[in-house]
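These notes concern the structure reproduced below.
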Number of protein chains: 2
Amino acid sequence: MSRRSGILEFAVLGLLREAPMHGYELRKRLNTSLGVFRAFSYGTLYPCLKTLVANGWLIEEPGSAPEEALAASLAGRRAKIVYRLTAAGKEHFEELLSHTGPDAWEDEHFAARFAFFGQTEREVRMRVLEGRRSRLEERLEKMRASLARTRERLDDYTLELQRHGMESVEREVRWLNELIESERAGRDRRSGPDAPALHDNESGETGGLPRHGGSTRPDPSDDTAK
Amino acid sequence: MSRRSGILEFAVLGLLREAPMHGYELRKRLNTSLGVFRAFSYGTLYPCLKTLVANGWLIEEPGSAPEEALAASLAGRRAKIVYRLTAAGKEHFEELLSHTGPDAWEDEHFAARFAFFGQTEREVRMRVLEGRRSRLEERLEKMRASLARTRERLDDYTLELQRHGMESVEREVRWLNELIESERAGRDRRSGPDAPALHDNESGETGGLPRHGGSTRPDPSDDTAK
DNA sequence: AATTTCATGTAATTCGTTACATGATTCC
DNA sequence: GGAATCATGTAACGAATTACATGAAATT
């Protein structure tokens, strides 16, 4: 019951799996570290955390810094609340990770899944990447069909919008192709049904992503932005 | 009051400005012809149409086919409802078109605006394109900053996600640059305060978009899809 | 005759935001 | 000591979806 959000729940569990955190920090990581993928507000996050606690997947802990705990105990002061994943929460997250329902291919859902690929088994990674790709290919076909049907009735701008949209999708398909290829390459020999199941993966083994030219130089002219 | 949806309202008015239509067809055009931009369901569309009628921007007309009107008059039968833009509606849409609030640069809003560029004055087109571009450049800066701050703490997949996201944004900026350039080129000489205001633009004058290689051949292997 | 597609709607529910309210900590 | 940022929450609202309910027209 209380089937909260899906993607937010998933992302929160995933982030907390790496390390305990309080809400404020959680939100920042949600909005920056994890790709471009959507900005949640506190009004969304805090109630969600409550629910996850109620489900037994998280526990609230007083802030870890000793003076905080002291200050909190002295008066009725409010201290930072650090959320930590419980064993049940870990289990639940792992279950979510292996679920490859057809929702997993949708835009934001996919991005969230991808963001936690580091904690995902290779087999599942493949399913998600391939599922996403065929979802996009479906979309492309629909776009092509609709374009073929209506091309002459459309003005230049509408046409240009369609063209650009299609090109974006095509570009993502190419990206997925590269990723899938390098997953396959990383598989090498031996990856039978007894996969290593990298539950507590610390080894630097990620299969080796397609090295793109890192044009993203540090750019010293801005650090924390305005 | 009853500030409905924004983008749906805008798109509906824009589509009906071209020709009267009934709800079902409207929805199809919303989801196909107008770029990739989001699929609205009937549960959203019909109530919205009601509101627009209540505001005096649309009127409901019985289906135009003569047998339908006849059938409807005979019994209490339900006939197709064709929506037509009123004079007030036309005026309202034109007002929305010229509005360039900061919302106009956001993803979906922008797509909707762009889709109706054929009915938009050149000056406004420029403002929207440039606004969108600077919005994206802001976003890029934030992404670069956040990446510079967190690069070493991130695993390969998260990094790859970020990289791909940034590249997508960069690509759109390049697209906008082309568009802006060709808008400027189309302006030629003379485009003072007395612009032609293409209210009932039928002339093929659109300024000439950057001709991209039309790789979108008809593809006879699917017409109306499954 | 049955199925698909066209066509219009409503009610309940989900997901998420904005605005508000409060207070602690850090930096200048 | 004042501003910015950190930190946690709630209530009211908004936008849109899903599932439901209905029925006509076209196609097979």
Side-chain angles (χ1 to χ4, degrees), chain A residues 1-12 21-31 37-51 53 58 60-65 67-72 74-83 103 106-109 112 224-226, chain B residues 1-12 21-31 37-51 53 60-65 67-72 74-83 103 106 108-109 112 224-226:
Chain A
M1 49 233 63
S2 81
R3 175 113 310 168
R4 277 261 171 219
S5 181
I7 133 158
L8 178 55
E9 171 185 315
F10 177 76
V12 165
M21 249 178 286
H22 53 260
Y24 193 86
E25 197 184 345
L26 212 35
R27 191 211 175 211
K28 272 199 308 186
R29 305 260 336 244
L30 238 36
N31 299 335
F37 100 88
R38 60 167 328 158
F40 290 99
S41 62
Y42 300 120
T44 314
L45 178 59
Y46 285 116
C48 173
L49 286 170
K50 284 269 165 80
T51 308
V53 169
L58 307 182
E60 301 181 345
E61 290 181 345
S64 49
E67 3 81 33
E68 284 184 63
L70 188 69
L74 282 176
R77 292 258 210 92
R78 182 169 55 170
K80 276 203 275 192
I81 298 172
V82 174
Y83 293 91
D103 357 320
E106 293 313 311
D107 301 321
E108 291 180 341
H109 229 300
T224 322
K226 183 221 154 179
Chain B
M1 43 237 66
S2 81
R3 178 114 306 171
R4 275 258 172 224
S5 178
I7 133 158
L8 178 55
E9 170 185 314
F10 177 76
V12 165
M21 250 177 286
H22 53 261
Y24 193 86
E25 196 183 346
L26 212 36
R27 191 211 175 212
K28 270 199 309 186
R29 305 259 337 242
L30 238 36
N31 299 335
F37 99 86
R38 58 170 328 159
F40 290 99
S41 62
Y42 299 119
T44 313
L45 178 59
Y46 285 116
C48 173
L49 285 170
K50 285 267 164 79
T51 308
V53 168
E60 301 181 346
E61 291 180 346
S64 48
E67 4 81 33
E68 284 185 62
L70 188 68
L74 283 176
R77 292 257 212 92
R78 182 169 55 170
K80 275 203 276 192
I81 299 173
V82 173
Y83 292 91
D103 357 321
E106 293 314 312
E108 291 180 342
H109 228 301
T224 322
K226 185 214 150 181

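Nothing here was measured: the structure is a model prediction, and the numbers come from that model. Every chain is numbered from 1, with letters handed out A, B, ... down the list of sequences.
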(request) Ignoring backbone atoms, establish whether A:Tyr24 has a side-chain N or O less than 4.0 Å from OP1 or OP2 of D:dC6. (result) yes

(request) From the options D:dT17, D:dA7, C:dT10, select the nucleotide whose nearest atom is closest to the side chain of B:Phe40. (result) D:dT17

(message) I need the NE2-C1' distance between A:His22 and C:dT25, as an integer number of Å.
(response) 12 Å

(message) For B:Asn31 versus B:Phe40, what's the shortest heavy-atom pair and its separation?
(response) OD1-N, 3.2 Å

(request) For B:Arg29 and C:dC6, give me the distance from atom CZ to atom P, rounded to whole Å. (result) 15 Å

(message) Which heavy atom of A:Glu108 sits nearest to which heavy atom of A:Ile7, and what is that distance?
(response) O-CD1, 3.9 Å

(request) Report the distance from atom NZ of A:Lys50 to atom P of C:dG16, rounded to the nearest whole Å. (result) 18 Å

(message) Distance check needed: D:dG14 C1' versus B:Ile7 CD1, whole Å only.
(response) 15 Å

(request) Of all the heavy-atom pairs spanning A:Leu49 and A:Gly23, show the shortest one and how long it is. (result) CD1-CA, 4.1 Å

(request) For the residue pair B:His109 and B:Phe10, categorise the inter-ring angle as parallel (less than 30°), tilted (30 to 60°) or perpendicular (more than 60°). (result) tilted

(request) Rounded off to whole Å, could you give me the CG-to-P distance for the B:Asp103 and C:dT17 pair? (result) 17 Å

(request) Using a heavy-atom cut-off of under 4.0 Å over every strand shown, decide if B:Gly43 touches base, sugar-phosphate, or nothing. (result) base

(request) Round to the nearest Å and state the distance from B:Phe10 atom CZ to D:dA16 atom P. (result) 15 Å

(message) In whole Å, I'd like the distance from the OH atom of B:Tyr42 to the C1' atom of D:dG23.
(response) 15 Å

(request) Return the nearest nucleotide to the side chain of A:Lys80; candidates are D:dG9, D:dT17, D:dA7. (result) D:dA7

(request) Compare every heavy atom of B:Ser41 with every heavy atom of B:Arg27, then report the nearest pair and how far apart it is. (result) NE-CA, 3.9 Å

(request) Look at the side-chain N and O atoms of B:Thr44 and state whether any lies under 4.0 Å from the OP1 or OP2 oxygen of D:dT17. (result) yes

(request) Among the candidates D:dA7, C:dG9, D:dT17, find the nucleotide nearest to the side-chain atoms of B:Tyr46. (result) C:dG9

(message) Output the rounded distance in Å from CG (A:Asn31) to C1' (D:dT5).
(response) 16 Å

